[in-house]
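What follows is one structure encoded as structure tokens, with my remarks underneath.
It should be emphasised that the depicted structure is a prediction, and the values quoted were computed from it without experimental measurement.
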Amino acid sequence: MERYFLKIVPLIGITIFIGACLFSCEENRQASVISYQNIPAPEHNEMDPLKVELGRKLFFDPHLSKDSTVSCAHCHQPQYGFGENVSLSTQGVSHKPLLRNSPALINIAWASGWFWDGGAKNIESLIFGPLTHEDEMGTDLKLLISNINTSTYYKEEFKKAFGVDKVYSAHLARALAQYVRTLISNQSKYDSYLNGKYQFSVKESLGYKVYQEKCSSCHKEPFFTDFEYHNNGLDTTYSDQHEGINKGRGRITRVEEDILKYKTPTLRNLFATVPYMHDGRFNSINEVLDHYEKKIQITPTLDSALINGIHFEMSERENLIAFLETLMDSSFLELN
């Protein structure tokens, strides 16, 4: 499958091999889910190669920020799964630490809510958050759009992509949203396994079983996230400081049952997206496993599957890590 959206050609058909395949029909079905031909997008912003390319240019352009020093890619770097390798970023225009870890942008087109607490209902509206936040890109949206409309280069680019003579903020958000939707990771060893082109080693196969038994209830295949919100026992307290940001999903829904719940992150490209959790508190996979094994904090909204923790034998840890390595996708981490 071609990596870049712009190189996509229409599919003539899908050939399903039977008999010689070493994988099930269910695996074959899963393999086709995450693809450029299957990107979900709203009717008002249907995928288009020219808009995707414009969005890519905007994503890497620091001139969108208040002082022309910070682009989207400063906190969402390709080599880190379009996330960042620090707990709390100081890359924004204010250089103040952000209050949450920069989430990896991996296969997020299929999500139903965005940000760690689901505060954005679509990717188009999500764009305006980091773009205007005083500690991130800090831009004055009206001034930015005015500058774009006086830029010969961008006026021509938006004309080609949207057919408009005057650019509005909606055009900016739609172009960026289109590019972000094409940040698809589907070329790992695991994906090759689903397509019958790779055979797991003994350790990888055993690790796959450990994953299925102990991790898959929240980190569901093939996205390795259920795109839902869970309290995984990190904390027992929360406050109203910073608009209640440490209430998790409960900050958005204002429902007690959602307090301390955060979106399940994907396990794809896991070793590139360290540190882990919504605040980047864990610096290794073993720290994460230690937490689930013996450091779960019991609160009323704790996910029921975690009440007794999750025990891992040393061999299970080693095998699980071997399997998680098969979710690494070097071609995705080299996008720009």
Evaluate salt bridge (Lys or Arg N to Asp or Glu O under 4.0 Å) for D290 paired with R317, printing each intermediate quantity in order. CA-CA 10 Å; D290 285 344; R317 287 191 181 220; 2.6 Å; yes

Let me see the working for Y190 and E221 under side-chain hydrogen bond (donor to acceptor under 3.5 Å, both in side chains), right down to the final yes or no. CA-CA 10 Å; Y190 164 82; E221 298 177 76; 2.6 Å; yes

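- Remark: N149 engages no residue in a side chain to side chain donor-acceptor pair (under 3.5 Å) (not counting sequence neighbours).
- Contact check on K159 versus E156 returns no salt bridge, with no Lys/Arg side-chain nitrogen under 4.0 Å from an Asp/Glu carboxylate oxygen.
- Looking at W116, its side chain never comes within 3.5 Å of a backbone N or O of R249 through a donor-acceptor pair.
- Considering only heavy atoms from C-beta on, F162 comes within 4.5 Å of K51 through its side chain.
- Expressed to the nearest 0.5 Å, how far CD of E228 lies from OG1 of T264 amounts to 7.5 Å.
- The nearest pair of heavy atoms linking P97 to L88 is CB-CB, 4.4 Å.
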Test side-chain hydrogen bond (donor to acceptor under 3.5 Å, both in side chains) on T299 and N231 and set out the steps. CA-CA 9 Å; T299 57; N231 176 354; 2.8 Å; yes

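- Under the 3.5 Å distance criterion, the side-chain polar atoms of N101 are matched with a main-chain donor or acceptor of V86.
- A donor-acceptor contact shorter than 3.5 Å links the side chain of S284 to the backbone of E287.
- Residues W114 and I108 come closest through the heavy atom pair NE1-O, 3.0 Å.
- At a cut-off of 3.5 Å, with distance as the only test, no side-chain donor of S35 or N38 sits close to an acceptor on the other residue.
- Grouped by direct or indirect side-chain proximity (heavy atoms under 4.5 Å, Ile/Leu/Val/Met/Phe/Trp/Tyr only), L206 sits with V202.
- H242 contributes no side-chain N or O that, together with a main-chain N or O of G244, makes up a donor-acceptor pair within less than 3.5 Å.
- Between A161 and L54 the shortest heavy-atom distance is CB-CD2, 3.9 Å.
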Should D329 and S185 be marked as a side-chain hydrogen bond (donor to acceptor under 3.5 Å, both in side chains) after you check the CA-CA gap, both sets of side-chain angles, and the distance that decides it? CA-CA 7 Å; D329 180 353; S185 180; 2.9 Å; yes

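- K142 NZ to N147 CG: the interatomic distance, rounded to the nearest 0.5 Å, is 14.5 Å.
- Surrounding NZ of K189 are at most 12 heavy atoms belonging to other residues, nucleotides or ligands under 6.0 Å away.
- Between Y211 and the options F224, F200, F312, a ring pair (Phe, Tyr, Trp, His ring centres under 6.0 Å) holds for only F224.
- Checked against R181 for a side chain to side chain contact (heavy atoms under 4.5 Å, CB included), the options N45, L105, N107 give a single hit: N45.
- Listed by first then second residue, pairs satisfying side-chain hydrogen bond (donor to acceptor under 3.5 Å, both in side chains) with a partner in residues 71-92 read S71-H74, Q77-Q79, Y80-N85, E84-S89, E84-S102, not counting sequence neighbours.
- The CG atom of D279 sits 9.5 Å away from atom CG of N246, with the distance rounded to the nearest 0.5 Å.
- Of the possible polar contacts, one joining the D117 side chain to the G119 backbone as a donor-acceptor pair under 3.5 Å is found.
- A pairwise comparison of heavy atoms in E136 and L98 identifies CG-CD2, 3.8 Å as the closest pair.
- Under a 4.0 Å N-O distance rule, the pair E316/K214 qualifies as a salt bridge.
- Scanning for ring-ring contact (aromatic ring centres under 6.0 Å, His included) contacts around Y238 gives an empty result, with sequence neighbours left out.
- Between H278 and L234, the closest side-chain pair of non-hydrogen atoms falls below 4.5 Å.
- Legend: residues meeting side chain to side chain donor-acceptor pair (under 3.5 Å) with D61, ordered by chain and number and at least two apart, are H63, Y154.
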Please tabulate, for the side chains in residues 168-177, all donor-acceptor contacts under 3.5 angstrom to protein atoms that are two or more places apart in sequence or on a different chain.
from : atom 1 : to   : atom 2 : distance (Å)
H171 : ND1    : Y168 : N      : 3.0

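- Under the 3.5 Å distance criterion, the side-chain polar atoms of K261 are matched with a main-chain donor or acceptor of E257.
- To the nearest 0.5 Å, atom CG of residue L64 and atom OG1 of residue T69 are 12.0 Å apart.
- Taking the side chain as every heavy atom from C-beta outward, I184 and W110 approach each other to under 4.5 Å.
- Of all heavy-atom pairs between S94 and D135, the closest is OG-OD1, 2.6 Å.
- The existence of a salt bridge linking K247 and D240 is confirmed by a sub-4.0 Å separation between a basic side-chain nitrogen and an acidic carboxylate oxygen.
- Here the side chains of C215 and L320 are in contact, with some heavy-atom distance below 4.5 Å.
- I259 and L306 fall into different hydrophobic clusters, defined by Ile, Leu, Val, Met, Phe, Trp and Tyr side-chain heavy atoms under 4.5 Å apart, directly or through other members.
- Side-chain contact annotation: Y179 with E53, donor-acceptor N/O pair under 3.5 Å absent.
- The backbone N or O of F223 sits less than 3.5 Å from a side-chain atom of T266, completing a donor-acceptor pair.
- A donor-acceptor pair is defined here as one N or O able to donate and one able to accept, closer than 3.5 Å; no such pair exists between the side chain of S216 and the backbone of K220.
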Starting from the C-alpha separation in whole Å, work towards a yes-or-no answer on side chain to side chain contact (heavy atoms under 4.5 Å, CB included) for L324 and L267. CA-CA 7 Å; L324 293 175; L267 299 181; 4.0 Å; yes

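- Atom NZ of K57 is surrounded by more than 12 heavy atoms from other residues, nucleotides or ligands within 6.0 Å.
- Remark: F271 CZ to I321 CD1 distance equals 5.5 Å, nearest 0.5 Å.
- For the pair I106 and T273, the minimum side-chain heavy-atom distance is below 4.5 Å.
- D140 places no side-chain N or O within donor-acceptor distance of the main-chain N or O of K66, the cut-off being under 3.5 Å.
- H291 contributes a side-chain N or O that, together with a main-chain N or O of N232, makes up a donor-acceptor pair within less than 3.5 Å.
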Let's go through E204 and N319 carefully: what are the C-alpha distance in whole Å and the side-chain angles of both, what is the deciding distance for side chain to side chain contact (heavy atoms under 4.5 Å, CB included) to 0.1 Å, and is it a yes or a no? CA-CA 6 Å; E204 290 166 350; N319 293 333; over 6 Å; no

Pair R281-D235, side chain to side chain contact (heavy atoms under 4.5 Å, CB included): steps then yes or no: CA-CA 12 Å; R281 69 178 66 185; D235 300 300; 2.9 Å; yes

E213/Y208 under side-chain hydrogen bond (donor to acceptor under 3.5 Å, both in side chains): CA gap, chis, key distance, verdict: CA-CA 9 Å; E213 292 172 3; Y208 189 20; over 6 Å; no

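- Contact record, D303 with C218: OD2-SG, 4.4 Å, taken as the closest heavy-atom pair.
- For the atom pair CG (D191) and CG (N186), the distance works out to 5.5 Å, reported to the nearest 0.5 Å.
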Side chain to side chain contact (heavy atoms under 4.5 Å, CB included) between N122 and E124: does it pass, once the steps are laid out? CA-CA 5 Å; N122 55 67; E124 283 76 10; 3.5 Å; yes

